[in-house]
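So the structure is just underneath, and the comments pick up after that.
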Number of protein chains: 2
Amino acid sequence: MDSEPKEGGDIKRLAPITLAEVAEAAGVGESTVSRVLRNEGSFSRKARDRVMEAVERLGYVPNRIAGTLASTGSRLVAFVIPSLSNIVFPDLLRGASGVLEANQHQAVFAVTDYDPGREEALVAAMLAWRPTAVMLAGFEHNEGTRKMLRASGRRVVEVLDVDGEPVDIAIGFSNRAAGQESAAFLLKRGYRRIGYVGHDLERDTRAGKRYESFCAALHTAGFPLVDRQINAGASSVESGRQGLGQLLARSPGLDAVYFSNDDMAIGGYFHCLARGISIPSQLAIFGYNGLDIGRATPQPLSTIRTPRVMTGQVAAELVVSNAPSQVVDLGFELIEGATA
Amino acid sequence: MDSEPKEGGDIKRLAPITLAEVAEAAGVGESTVSRVLRNEGSFSRKARDRVMEAVERLGYVPNRIAGTLASTGSRLVAFVIPSLSNIVFPDLLRGASGVLEANQHQAVFAVTDYDPGREEALVAAMLAWRPTAVMLAGFEHNEGTRKMLRASGRRVVEVLDVDGEPVDIAIGFSNRAAGQESAAFLLKRGYRRIGYVGHDLERDTRAGKRYESFCAALHTAGFPLVDRQINAGASSVESGRQGLGQLLARSPGLDAVYFSNDDMAIGGYFHCLARGISIPSQLAIFGYNGLDIGRATPQPLSTIRTPRVMTGQVAAELVVSNAPSQVVDLGFELIEGATA
DNA sequence: ATCAATTTTGGTAGCGCTGCCAAAATTTTC
DNA sequence: GAAAATTTTGGCAGCGCTACCAAAATTGAT
C-alpha cells in the first residue's frame, strides 16, 4: 500500500458519474433524469424505466452539492452542541437523526466544549453549508452568534431550555422549574439541611439555572442551602463521588444533597455505598436527567426525567415541516425513586 | 408569531451576501476576495484589509456549497454509525470532531440502528455529499455498501475493529483478542464455572466476535462456558441486571460472569448489590469498554479499556492528512479492577 | 533609465445540478 | 379528422464559487 489514496480494483474512475452521463446512457435529456430521480414533475413510465436502468447500471450517486447550489435548501441540519460526553446531547441527536433521515435530511454537527467563542466560530462554519436549520443548546450565546443567526435566513432552534428569549424556535423544558420543583420535593419530604454537588456552572448554564432556582426555593422556604461543592470540569460519576465526599467532610450534618445531574448523583450514590451511608435515612440524594442507569440501581434514583430524545424529535419535525416560530415546553417528570 | 419563518428586525435579506457583492464593496476582483478568504495564492496587504473590512461590514459568510462544487473536496466527513445510545459511538465522534474542526472539516452523521440495509441507504445518502471520507463501524457491510464505497473514490475508514479485510483504512482494536484475553484473565484468577450475559449479538457483530473468541478460549482451556443469557435489544444497565438475574436463577453455581460490555456489567453489579451477592468472592464480574463509571463504583469494575476517543482522533487525522490505506491496531488495556 | 523577474490582480470558464420555458408528443373534445 | 387541451420532453441559463490564465503593477538588476 502506498500513498495513492485509491486504486479500487474493478471500478476506477477519478470523477464520479454525472447526471449528464446518465442522460446520455439512458437516451433521454438531463431534465428528464433530474425529474425522475427527484420524482417531481411529469415523465412517462418508459422514461422512468430507462433512467432507472442507467442509474443502476452506472452506479450513479446524485451530487447533492450541485443539486443544492442549483435549487434551494441544502437538506442539511446543523447541530452546534457543547459536548458529546454528557449523554444529553447524544440523546438529542438520536431523537433528531431518526426524523431527519426519514425526511431525507442529514445532520451535521460540531462540538463547542461549552465555549461561546468556539460556538460562534462553529456557527459560522455551519452557516457556510447553508443548512435548513441550526440547532443550538440553550439561549446563552455571544451577541455575534445571535446576529449571524438572525442574518442567516436559516431556521434557528434553541433546545433543552425554555427560560429565555429565542431567536426563532425553542424546544425543551424549564430548567428553572426543575430546580424549583426539586427543592419543593425535598422540602416536602422533610429534608431541611440540604447541600449541593455540582460541576462547572459557568459553562453549563442550564445546570446553573437549576442551581439558582433550587437555592432560591430553599431560601424562600426558610431553609437555605447549607453547603455546596462545585467541582471544576465536566460532570461525571467520579466527580460526583469525590464531590459528595468533600461536601460531607465539611458539612457532616446534611440530610439531603441535590446534584447537578444524574451522573454526579450516581457518583454520590456510590460514595454512600462505599462508606456505608444508608440512603435515604442518613442522606437523601436527588439528581437530574432521569438516566436509565438510575432506574437499575438497587434503589431507584430520585430525579427529574427530561424528554431529551423527544426534544430532538420535535425539533427535527418542526424544522422539516417549516413550522412557525414558537416555544415548545415539553415539560419533565419528577421521579420519586427511593433515594430521597 | 405566525407562519412566516423569518422577519429578522434589522437585517432582512432573502438571499445571503455573495462573494461578488463583497468584491464590489471592497473594490477588488472576485478572485482577490476568494484568495484572501482562503489565504491562498498571493495578494497585497492593502487588498487583504479592504476585503476583510467589506466581509466584516456586510456579514459575509462564504458558501461552501458553491466552493465545494467549484473546487474539489467537500471538507465533510461522513459517519455512518449503528447507534448513539451505546457510548462507544459518541466517544468516537468526540475524538474525531475535535480533529476535524481543527482542520476546517465538518462531521455529518447518520444512525443505522445496526441495520445493514439502512446502512446501505445511508451510505448512499452520505456519498451524495461527496465527503472527504466515510467512516463506518466494523467490517460487516452489505456487498452493495462495499461496492458503492469502492466506486465512490472516497476514503473509507472502518473503525472499532481490526479483525477483517478493510476497504481502505481500518482503525481500532481486536475484539477477538479482547474476548480471548478476558477468558485468559478469568481462568488465571481461578474461575472455572463461567457464564455470559449479553445483548443482541446478531446486530452488534463486534460483541459477537468477543463472545465467540471468549468461548473458544474457555473451551480450549477445558472449562467451557457453563451458561449464557442473551437478551434481545440493545445493551443497557437494566438489561444486564435482569440478564444476570435470569442466568443465576438457571445456573446458581457460576463463579464468574463475562458481560458483553460495561453497561451490562454494571447492571450485573447492581443485581449483586441488591441481592447481597458478594463480589468477587461469590461471583466475579468482567465487562468490556472501560467506561468511567466502572472506576467510580465502590469496587472498580474489572474490564478491558478500549481507546474509543483515540480511535476517532486517529481516524480523523489519517483522513485529513490523506494517509495511505492501512490497518491501525490501537490495542486495549485490561483493567484488573476488583470485581474479578 | 531599461529590461527582466516577480508579485499582484481581474476576467472568465466551468463544477453538476435544477428551474424555466418552449417545443414535441400524446390525448381529448367536438 | 382537425383543433384544443394536456402531458412529456430537452435545451440552456445560472446557482456562487474556484482554477486557470493573461494582464497589470511592482520590484530588482544592470
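Within every chain, numbering begins at 1; the chains are lettered A, B, ... in the order of the sequence lines, protein sequences first and strands thereafter.
- The terminal axes of the helix from C:dA1-D:dT30 to C:dC30-D:dG1, fitted over 5 pairs per end, subtend an angle of 30° to the nearest 10°.
- Annotation for A:Leu37 and A:Met52: closest pair CD2-SD, 4.4 Å, computed over non-hydrogen atoms.
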Polar pairs (N or O, both sides) under 3.5 Å between protein and nucleotides 13-17 of chain D?
{"from": "D:dC15", "atom 1": "O2", "to": "A:Leu69", "atom 2": "O", "distance (Å)": "3.3"}
{"from": "D:dC15", "atom 1": "O2", "to": "A:Ala70", "atom 2": "N", "distance (Å)": "3.3"}
{"from": "D:dG16", "atom 1": "N2", "to": "B:Ala66", "atom 2": "O", "distance (Å)": "3.3"}
{"from": "D:dC17", "atom 1": "OP1", "to": "B:Tyr60", "atom 2": "OH", "distance (Å)": "2.2"}
{"from": "D:dC17", "atom 1": "OP1", "to": "B:Asn63", "atom 2": "N", "distance (Å)": "3.3"}
{"from": "D:dC17", "atom 1": "OP2", "to": "B:Leu19", "atom 2": "N", "distance (Å)": "2.3"}

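- Of all nucleotides in DNA chain C having an atom under 4.0 Å from a heavy atom of chain B, the first and last in 5' to 3' order are C:dT8 to C:dG16.
- Across all strands, A:Ser31 comes closer than 4.0 Å to base atoms (heavy-atom distances).
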Return a table of donor-acceptor pairs under 3.5 angstrom between the side chains of residues 97-104 of chain A and protein atoms on other chains or two or more places apart.
{"from": "A:Glu101", "atom 1": "OE1", "to": "B:Arg118", "atom 2": "NH2", "distance (Å)": "2.7"}
{"from": "A:Glu101", "atom 1": "OE2", "to": "B:Val111", "atom 2": "N", "distance (Å)": "2.9"}
{"from": "A:Asn103", "atom 1": "ND2", "to": "A:Val99", "atom 2": "O", "distance (Å)": "2.7"}

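- Within 4.0 Å of A:Ala47, counting heavy atoms only, lie sugar-phosphate atoms of the nucleic acid but no base atom.
- With sequence neighbours excluded, the residues that form a side chain to side chain contact (heavy atoms under 4.5 Å, CB included) with A:Ser85 are A:Ser83, B:Arg94.
- Closest approach of B:Val61 to A:Arg130, counting heavy atoms only: O-NH2, 2.8 Å.
- Partners of A:Phe89 under the ring-ring contact (aromatic ring centres under 6.0 Å, His included) rule, at least two apart in sequence or in another chain, do not exist in this structure.
- Taking both residues in full, the closest heavy atoms of B:Ile65 and B:Trp129 are given as CD1-CZ3, 4.0 Å, listed atom of the first, atom of the second, then distance.
- Contact annotation for B:Ser42: base contact, defined as any heavy-atom pair under 4.0 Å involving a base atom.
- With rounding to whole Å, B:Phe43 atom CZ is found 17 Å from D:dT26 atom C1'.
- Closest of all the heavy-atom pairs between B:His105 and B:Leu76 is ND1-N, 4.5 Å.
- Rounded to the nearest 0.5 angstrom, B:Leu149 CG and B:Asp168 CG are separated by 9.5 Å.
- Contact check on A:Asp161 versus A:Arg206 returns no salt bridge, with no Lys/Arg side-chain nitrogen under 4.0 Å from an Asp/Glu carboxylate oxygen.
- Considering all non-hydrogen atoms of both residues, B:Thr18 and B:Glu21 come closest at N-OE2, 2.8 Å.
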